[in-house]
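Let me begin by presenting the structure, written as structure tokens, before commenting on it.
Everything numeric in this text was worked out from a predicted model, so none of it was measured.
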Amino acid sequence: MSKGNLTVKPFLSPVHALLLAFPVALFPAGLLSDLTYLNTAEIQWSNFSSWLIAGASLVAGLLLLWALGSLFQGRLRARTGRHLLYIVLVALMSVAGTVNALQHARDGWHSVGSLGVALSVLCTVVALLLGILAHTRFFVREKVA
């Protein structure tokens, strides 16, 4: 009879973690350019924000597809609440990011305004929560033969 060992298991595959890195970087950058546009009224900041959010939304959609594929292939264990929370947050970020990209496709002040900034804050908070959730370690008890 052998004793169990406490080992550290990664939460995500390397490709999954790489896909998550883009929304974690691009959504906060889009929020910063939104805030800069509100303070300066320079239209280029709105354009820059629109491109950042569109790129983050595109990769968030790929991340959602990868997460659902991992769930159906059994790589993500759906039995734990952490994995289900991860899937729900990725779906929320993907949908909110797409709506945010459509909002930012409008002209000038109407693109950023209060709804654009609120959506940018939501996407940024969810992306940062996903980064924290994905990169904090969790421990699994395994039997060693």
Less than 4.5 Å apart, any side-chain heavy atom of [X] and any of [Y]?
X: I53; Y: L26; value: no
X: L64; Y: V95; value: no
X: V24; Y: L130; value: no
X: V112; Y: R106; value: no

Look at the side-chain heavy atoms of Ile, Leu, Val, Met, Phe, Trp and Tyr, link any pair under 4.5 Å apart, and say whether [X] and [Y] land in one connected group.
X: M93; Y: V15; value: yes
X: I43; Y: L31; value: yes
X: L84; Y: V88; value: no
X: L85; Y: L63; value: yes
X: L92; Y: F22; value: yes

List the atom of [X], the atom of [Y], and the distance in Å for their closest heavy-atom pair.
X: D34; Y: G116; answer: OD2-O, 3.8 Å
X: L128; Y: P28; answer: CD2-CG, 4.4 Å
X: L20; Y: A134; answer: CD2-CB, 3.6 Å
X: G97; Y: F27; answer: CA-CZ, 3.9 Å
X: L19; Y: L62; answer: CD1-O, 4.2 Å
X: P23; Y: V59; answer: CD-CG1, 3.9 Å

[X] side-chain N/O to [Y] backbone N/O, donor-acceptor pair under 3.5 Å:
X: S49; Y: S33; result: no
X: S50; Y: S46; result: no
X: T98; Y: S94; result: yes

To the closest 0.5 Å, what do you measure between CG (L119) and OG (S114)? 9.5 Å
Euclidean distance, L38 CG relative to W45 CH2, rounded to 0.5 Å: 12.5 Å
N100-S120 side chain donor-acceptor pair, cut-off 3.5 Å: yes
Can you classify the ring geometry of Y86 versus H16 as parallel (below 30°), tilted (30 to 60°) or perpendicular (above 60°)? tilted
Determine whether the aromatic ring centres of H104 and Y37 lie less than 6.0 Å apart. no
